[in-house]
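Just so it is clear, the model here is predicted, and its values are computed rather than measured.
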Amino acid sequence: MKNDKKQTGRVNYIWVLAGGYLIYLAVQIFKTVLAGESDMPAVGVTGGVVFAVLGALLLLREWKAYRYALAHKDDPSTWSDEPEELPENEGEEEV
């Protein structure tokens with residue numbers, strides 16, 4: 001299923017911080033497992049992988065928005081969240 005949501009150039013820095021924090025947590029979990037301090041290493045590795053993947057996806061999403069904004073910085077109407085307005089004559093049939 002194709003995502004019909006229009007690409008925007010707005011970066012939400014809360015998502016950037018959340019992605020970075022998830023990656024930080026994944027690294028801390030992996031350190032604990034590798035040091036042998038974890039009681040359940042399988043759960044630790046699984047949780048670390050999940051946190052790392054989710055964090056990377058959040059950062060990738062915001063990186064794409066940032067790159068899109070740079071490419072379209074001279075024409076902000078191309079990445080605006082506002083719906084496009086139709087010209088007055090568009091949508092009317094000529095007789």
Side-chain angles (χ1 to χ4, degrees):
M1 182 173 174
K2 185 179 176 191
N3 188 1
D4 292 333
K5 189 173 179 180
K6 184 178 176 183
Q7 173 74 40
T8 67
R10 298 204 172 116
V11 176
N12 188 338
Y13 293 103
I14 297 296
W15 290 118
V16 173
L17 292 173
Y21 186 64
L22 285 173
I23 291 176
Y24 168 78
L25 286 177
V27 169
Q28 295 304 315
I29 290 171
F30 289 138
K31 281 183 181 179
T32 303
V33 170
L34 291 176
E37 299 170 0
S38 176
D39 294 332
M40 297 183 291
V43 174
V45 169
T46 304
V49 168
V50 169
F51 283 3
V53 168
L54 290 176
L57 288 175
L58 287 175
L59 291 175
L60 177 65
R61 173 184 167 206
E62 298 307 317
W63 177 250
K64 285 173 54 179
Y66 173 73
R67 297 297 298 168
Y68 188 85
L70 283 180
H72 295 89
K73 68 181 176 185
D74 294 332
D75 188 12
S77 66
T78 61
W79 51 274
S80 174
D81 286 338
E82 301 297 319
E84 293 181 28
E85 294 183 19
L86 296 175
E88 288 186 30
N89 293 345
E90 192 169 303
E92 297 177 9
E93 292 182 24
E94 292 184 24
V95 180

>> Are V49 and F30 packed together at the side-chain level, in the sense that at least one heavy-atom pair is separated by less than 4.5 angstrom?
In response: yes
>> Distance check, rounded to the nearest 0.5 Å: L58 atom CG versus I23 atom CD1?
In response: 8.5 Å
> Do L17 and Y13 have side chains that get closer than 4.5 Å, going by heavy atoms?
Replying inline: no
> Is it true that a side-chain atom of E62 and a backbone atom of W15 form a donor plus acceptor pair closer than 3.5 Å?
Replying inline: no
> What are the two closest heavy atoms between G20 and L59, and how far apart are they?
Replying inline: N-CD2, 4.1 Å
> Do W63 and L22 share a hydrophobic cluster (ILVMFWY, side-chain heavy atoms under 4.5 Å, transitive)?
Replying inline: no
> Under 4.5 Å between side-chain heavy atoms, hopping through other hydrophobics if needed: is there a path connecting F51 to V43?
Replying inline: no
> According to a 4.5 Å side-chain heavy-atom criterion applied to Ile, Leu, Val, Met, Phe, Trp and Tyr, with indirect links allowed, do Y21 and V27 form part of one hydrophobic cluster?
Replying inline: no
> What's the shortest heavy-atom distance between A26 and G48, and which atoms?
Replying inline: CB-O, 3.3 Å
> Which pair of heavy atoms, one from S38 and one from P41, lies closest together, and at what distance?
Replying inline: OG-N, 3.6 Å
